[in-house]
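Proteins come first, then strands; the chains are lettered A, B, ... in the order of their sequence lines, and each starts at number 1.
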6 protein chains.
Amino acid sequence: MIIELITPIVTRGVRTLDDIEPLMHSGLKITHSLLDSGPSSIESKFDEALAVPDTLKLAMQAEISGASAIVIDCMGDPGLHACREAVSIPVLGAGQTAMHLANLLGNRFAFITVLDRIRPIIEDLIGAYGIREKYASFQAVDIPVLDLSRDGEALNVALAQKALRSIEEDGADVVVLGCTGFLGCAEAMRAALRSAGHEVPVVDPIPATIGIAEALVKAGLSHSKRTYPAPGAKPVKGYELPTGASS
Amino acid sequence: MIIELITPIVTRGVRTLDDIEPLMHSGLKITHSLLDSGPSSIESKFDEALAVPDTLKLAMQAEISGASAIVIDCMGDPGLHACREAVSIPVLGAGQTAMHLANLLGNRFAFITVLDRIRPIIEDLIGAYGIREKYASFQAVDIPVLDLSRDGEALNVALAQKALRSIEEDGADVVVLGCTGFLGCAEAMRAALRSAGHEVPVVDPIPATIGIAEALVKAGLSHSKRTYPAPGAKPVKGYELPTGASS
Amino acid sequence: MIIELITPIVTRGVRTLDDIEPLMHSGLKITHSLLDSGPSSIESKFDEALAVPDTLKLAMQAEISGASAIVIDCMGDPGLHACREAVSIPVLGAGQTAMHLANLLGNRFAFITVLDRIRPIIEDLIGAYGIREKYASFQAVDIPVLDLSRDGEALNVALAQKALRSIEEDGADVVVLGCTGFLGCAEAMRAALRSAGHEVPVVDPIPATIGIAEALVKAGLSHSKRTYPAPGAKPVKGYELPTGASS
Amino acid sequence: MIIELITPIVTRGVRTLDDIEPLMHSGLKITHSLLDSGPSSIESKFDEALAVPDTLKLAMQAEISGASAIVIDCMGDPGLHACREAVSIPVLGAGQTAMHLANLLGNRFAFITVLDRIRPIIEDLIGAYGIREKYASFQAVDIPVLDLSRDGEALNVALAQKALRSIEEDGADVVVLGCTGFLGCAEAMRAALRSAGHEVPVVDPIPATIGIAEALVKAGLSHSKRTYPAPGAKPVKGYELPTGASS
Amino acid sequence: MIIELITPIVTRGVRTLDDIEPLMHSGLKITHSLLDSGPSSIESKFDEALAVPDTLKLAMQAEISGASAIVIDCMGDPGLHACREAVSIPVLGAGQTAMHLANLLGNRFAFITVLDRIRPIIEDLIGAYGIREKYASFQAVDIPVLDLSRDGEALNVALAQKALRSIEEDGADVVVLGCTGFLGCAEAMRAALRSAGHEVPVVDPIPATIGIAEALVKAGLSHSKRTYPAPGAKPVKGYELPTGASS
Amino acid sequence: MIIELITPIVTRGVRTLDDIEPLMHSGLKITHSLLDSGPSSIESKFDEALAVPDTLKLAMQAEISGASAIVIDCMGDPGLHACREAVSIPVLGAGQTAMHLANLLGNRFAFITVLDRIRPIIEDLIGAYGIREKYASFQAVDIPVLDLSRDGEALNVALAQKALRSIEEDGADVVVLGCTGFLGCAEAMRAALRSAGHEVPVVDPIPATIGIAEALVKAGLSHSKRTYPAPGAKPVKGYELPTGASS
């Protein structure tokens with residue numbers, strides 16, 4: 001099975017092979033792509049707006065080239081709805097998948113992310129997904145995406161501190177890492193929470209979403225074409241999109 | 001006061017001066033623009049994805065050139081959030097504005113639009129806007145946007161029939177015209193409903209949204225920069241956006 | 001266009017010409033009336049109960065004498081539903097209108113008012129209006145309505161402090177001035193919030209509601225007679241109400 | 001124990017001793033009062049508006065004269081909030097009490113009442129009471145309050161038919177008689193539903209509410225003065241209210 | 001009238017005659033039973049799981065032996081749904097009843113209980129009962145059920161402190177004693193709150209629920225057999241249940 | 001990896017090796033167990049009550065004997081909460097998992113099951129899980145669990161008919177097979193819906209839940225011990241439970 005991971009930014013080197021290889025196994029190959037056109041990172045709907053057209057193109061290409069499923073490597077789920085219209089293979093967003101998985105693990109979840117500014121973006125998603133009742137806390141470490149790798153230790157300390165607050169002050173039972181750039185931070189956070197007396201799961205979105213994508217493919221499930229009907233063929237100016245996609 | 005109306009499609013002749021002129025008055029000039037890049041009409045999130053980048057560019061240009069407010073001429077509110085991040089002048093979406101106005105006029109509203117396929121798109125907006133409790137009915141006349149002008153009479157008959165069903169079967173108290181291409185159909189619908197014994201307001205989104213935009217400008221109000229912070233300056237590939245915008 | 005502003009109290013001098021004149025313009029005349037029977041101020045449902053019959057009478061008289069719309073000058077929207085039954089011209093409540101306008105400007109709103117005691121009254125309205133998901137914070141400055149003019153400076157300080165708390169502790173993105181007696185305080189509050197680093201809109205209910213009323217009249221919209229049917233003619237004891245109203 | 005039943009209309013003979021006596025027992029005396037000023041029946045918020053001031057006066061008098069609790073004899077709960085502010089003894093509304101009792105008896109309730117026109121009034125209450133999730137169906141027999149006694153047989157047939165629809169089409173599990181004028185119709189309805197194969201409770205609001213009032217008094221419980229604080233003493237014009245009430 | 005109180009634990013001496021006798025009167029006899037099989041106290045769903053089968057048996061026996069109603073003496077309402085299926089006489093859970101009664105007394109309620117660990121159990125009930133909008137606060141005194149009688153004074157102090165926090169920090173208007181082992185603590189709590197300036201009702205679940213059970217019996221009401229249909233007769237292994245119950 | 005499938009009934013032969021073997025692969029062994037004590041099938045909360053104690057015992061034994069995860073083979077999720085308290089390995093309920101998975105595939109889901117009588121049981125779960133906004137339709141084929149194998153063809157016809165209604169009348173976008181006894185019916189239903197023009201996913205709960213369980217184990221995730229703390233050791237009468245479980 002091939003799962004295509006689309007990181008919807010143009011910056012090289014942020015998402016690396018080191019991130020992806022551990023997630024592969026004999027039955028699963030993960031291919032990875034970045035955008036040619038778009039923002040260097042995603043921290044706003046403005047950034048998303050510029051990321052979505054190329055994300056769409058990559059999703060359609062992935063289906064044509066035989067991928068079994070697609071994962072969008074961003075917690076705001078940019079282009080998720082449009083990609084599901086454009087292709088028939090399962091498309092999962094790291095945000096929607098991680099939050100729903102969290103709801104299988106505990107009563108209410110916390111969303112711990114990079115910057116305060118994305119709070120309304122995430123709360124709009126939570127409203128659209130219909131899961132407001134399970135949303136306990138939003139916390140941000142106040143570190144921009146492209147600076148996350150600067151000081152891993154400081155990042156882990158900040159994440160643990162915010163997670164602790166979400167549990168002890170806001171009543172969270174499960175933590176969702178709210179940026180896919182936090183890949184690999186779950187273990188340290190879980191340890192920090194455990195040492196503070198909290199046995200709480202920490203959902204690392206990319207491994208979790210890849211796992212769900214595999215499960216969907218094995219179960220022969222994909223998104224509903226009643227919710228995500230193929231866009232009709234119609235004239236478009238200024239964008240060249242692949243043809244021959246299932247839609 | 002200048003209000004910029006952005007029709008987020010590339011097709012010329014769908015939105016015309018005849019539509020806009022009646023809305024102007026001594027104190028209000030309405031400028032209008034269409035996209036250079038994007039879809040010929042908007043009937044999916046796929047279409048929206050291709051419409052948003054140019055919509056963003058036009059919004060930024062409008063602010064630079066001195067517009068007092070911006071109205072996005074589509075019920076799915078494409079690019080609304082991103083445009084609000086990008087500019088400081090009020091930006092209104094015809095969908096959000098018309099639905100909120102409807103909630104000032106009656107208990108529950110019906111959304112009558114072109115095609116069934118946009119139902120999940122609208123219900124996601126309703127969820128994100130937090131107004132599910134006031135949403136009574138979704139109906140579609142099953143006519144694509146670009147065919148709306150083909151047979152005005154048939155359109156009015158279909159709209160009235162769907163509105164009638166939304167009132168008598170689904171308990172709607174107010175009707176929202178769910179496509180800005182329905183501009184001007186409200187009067188005929190109101191008459192048809194009245195003759196069926198229902199004194200029900202019909203919200204025609206563009207005149208209503210222009211009116212609210214004027215009211216906001218007069219009241220010195222614009223959107224919250226806490227919800228819609230300006231996107232930071234960051235490298236972008238493949239898009240050229242105006243500089244000097246307030247953000 | 002004539003808009004009738006009904007201040008539903010008997011106290012003279014609280015709402016003055018100085019408040020109203022700035023809101024008028026060539027196309028808009030605002031007429032104003034107070035109650036003959038009712039409370040000296042509104043700070044409870046008890047007060048509202050005694051204010052509504054005369055408010056109803058004034059609304060019916062306004063329609064008969066040719067007003068284009070009616071605005072009820074109190075955030076608890078006393079008599080709003082009944083007045084909409086009694087007349088056909090648009091009737092807006094400052095509370096419902098300001099809260100819905102706030103929802104067009106940001107993610108969640110704060111309601112800052114005079115006394116803690118009205119919290120359940122406002123939360124009942126928010127529940128009935130179906131906008132609980134957008135309600136972030138309730139704050140009160142603990143100054144009775146009739147004392148608001150005593151010390152304008154202290155009032156502004158208290159309002160800014162409460163607004164700041166609603167933003168920084170409760171996550172509000174927009175502030176609604178929760179008493180129409182706060183007319184004119186928005187500018188000072190906006191400045192105080194800006195100096196604290198928050199670019200947040202402050203909705204001053206009366207100017208905002210007058211503006212929406214104008215927009216409704218221009219758009220030819222009024223409330224739904226399906227939600228607010230005219231009360232049938234029936235014997236009434238102890239009240240004399242105008243006859244000849246549209247209902 | 002004395003419970004005061006306030007029927008908030010001026011029409012004599014609609015609520016009679018025959019209705020009340022069966023509800024009394026050795027430990028319970030029920031006193032009854034009607035309005036001097038107000039509407040002949042309640043079928044709108046307009047009617048409620050004119051009913052509330054005198055209802056308030058009667059509630060305050062009842063407390064002064066030693067009643068243990070007060071029941072408002074109308075499903076729209078007119079004046080409930082204001083009366084609770086004005087007195088310290090328990091005040092129950094037939095609407096709120098019957099709907100909450102229904103929620104102790106089954107999954108979702110139907111509200112079967114006189115006229116379609118009160119639907120938005122009831123749905124506002126349901127929203128304010130926070131029980132929308134348990135509300136399954138609204139049905140009306142289309143008979144005005146003052147005509148209910150005209151043809152008891154026809155009324156029972158109409159009620160049973162509407163109840164049947166609410167169960168079989170709308171999924172209701174419990175029926176709330178939605179007008180206190182239906183007093184005594186529960187038995188016939190229950191029999192009709194049973195013969196149609198549905199073992200469904202029918203809540204007759206007045207007996208049920210009297211019973212809950214007794215239970216509250218025995219348990220030493222009354223409404224919260226934090227939700228319903230006593231109105232401060234302030235000048236009032238045009239109304240004479242009792243003094244010496246606990247508030 | 002006979003009401004059967006089932007305390008769903010095996011420990012003798014926790015619920016005593018001293019608790020029950022004051023609730024009886026000429027018209028009401030309360031019978032009491034404990035489990036033969038089950039946990040020594042209920043502080044988890046694990047405990048509930050082991051308590052429910054015997055609770056079911058006792059409920060069926062109570063109906064057979066002529067009880068008029070059944071009250072389950074635990075705030076988690078263990079076995080409530082199953083018992084309602086098994087019998088036709090009213091069955092009330094102390095949790096559901098107390099929370100609904102609280103909603104008749106004020107705007108939002110606090111649930112003050114023994115241990116933090118039951119929070120998700122209670123929040124699941126609140127979600128299932130559809131009353132999340134009225135739920136303000138959860139507080140725990142951190143004393144296990146079987147230790148409650150150790151130090152009555154300390155318990156009252158802890159309860160008052162938690163109640164105070166729920167009112168002043170979380171905006172609660174009514175307090176629900178969240179463990180039936182708190183029987184009798186309401187008076188002290190009410191006094192403590194009053195001395196802190198809060199006139200707030202405190203619902204003591206057992207007396208309140210007994211009162212509601214009486215009211216239901218008098219009103220001839222029981223739960224809906226459409227929500228709680230009798231379980232069909234089917235082979236069961238390992239449990240001996242009474243036969244001849246109405247179901 | 002070993003996943004333990006617990007079918008919480010005592011009837012042999014309903015869940016067979018033929019069902020389970022196709023779900024196993026090189027990396028996954030599925031062990032299966034039935035109850036010694038409990039009901040012959042689960043169609044009520046009464047049945048669940050008798051199934052849970054032994055389900056709990058089997059779950060604890062499975063953890064002790066080295067299972068990596070546990071799946072409860074019933075859509076009502078009997079004992080799910082208690083089992084999660086009792087063990088530390090992931091425990092998934094077929095109902096909760098299938099409904100959440102459905103929410104990753106489309107806008108709103110339909111729940112198609114055996115009997116109408118379980119509707120309130122499922123709606124309580126949906127309320128507790130906080131996903132009411134995504135629930136579109138409940139349908140039942142009116143065939144008891146133990147008769148499902150009688151006539152496979154008739155079952156498929158009935159399922160397709162109910163699914164069709166849920167889509168065309170209730171607006172469902174995804175179908176959840178609402179009884180684990182429907183295992184294997186998804187393909188026929190999907191074909192029937194496709195031939196009716198609906199490209200809609202059909203979630204077959206057991207394969208889907210096994211897949212999610214595998215994904216959780218691989219991701220090192222289990223349920224939150226803050227939501228599901230281990231039950232304290234306390235005296236229990238009448239039940240013998242395994243010792244040495246992680247709790």
Identify which of C:Gly130, C:Pro39, C:Gly238, C:Ala128 forms the greatest number of heavy-atom pairs closer than 4.5 Å to chain D. C:Ala128
With only heavy atoms counted, which part of C:Arg132 is less than 4.5 Å from chain D, the side chain, the backbone, both or neither? side chain
Do D:Phe46 and C:Val52 have side-chain heavy atoms sitting under 4.5 Å apart? no
Separation between CG (D:Leu241) and CG (C:Leu50), nearest 0.5 Å, reads 5.5 Å
Counting heavy-atom pairs under 4.5 Å with chain C, which one of D:Glu43, D:Lys45, D:Arg226 comes out on top? D:Lys45
So how far is it from D:Lys234 NZ to C:Leu146 CG, rounded to the nearest 0.5 Å? 7.0 Å
Find the distance between CZ (D:Arg117) and CD (C:Glu85) and round it off to the nearest 0.5 Å. 5.5 Å
Do you know the tightest heavy-atom contact between D:Val10 and C:Lys237? CG1-CB, 4.0 Å
Check whether more than 12 heavy atoms from other residues, nucleotides or ligands sit under 6.0 Å from atom CG of D:Asp142, and answer yes or no. no
I want to check something: taking the side chain as every heavy atom from C-beta on, are C:Pro53 and D:Pro53 in contact at a cut-off of under 4.5 Å? yes
With a 4.5 angstrom heavy-atom cut-off, which part of C:Leu56 approaches chain D: side chain, backbone, both or neither? side chain
Which atoms of C:Asp116 come close to chain D, meaning under 4.5 Å heavy atom to heavy atom: side chain ones, backbone ones, both, or neither? neither
Under a 4.5 Å cutoff for heavy-atom pairs, which residue among D:Cys83, D:Gly232, D:Ser41, D:Pro144 has the most contacts with chain C? D:Ser41
Pairs satisfying salt bridge (charged side-chain N to carboxylate O under 4.0 Å, His left out), at least one member in residues 97-106 of chain D, at least two apart: none
Applying ring-ring contact (aromatic ring centres under 6.0 Å, His included), can you list everything that pairs with D:His81, at least two apart in sequence or on another chain? D:Tyr228
Chain C heavy atoms under 4.5 Å from D:Ile9: which part of the residue, side chain, backbone, both or neither? neither
So, the side chain of D:Ser40 versus the backbone of C:Val236: is there a donor-acceptor pair under 3.5 Å, distance only? no
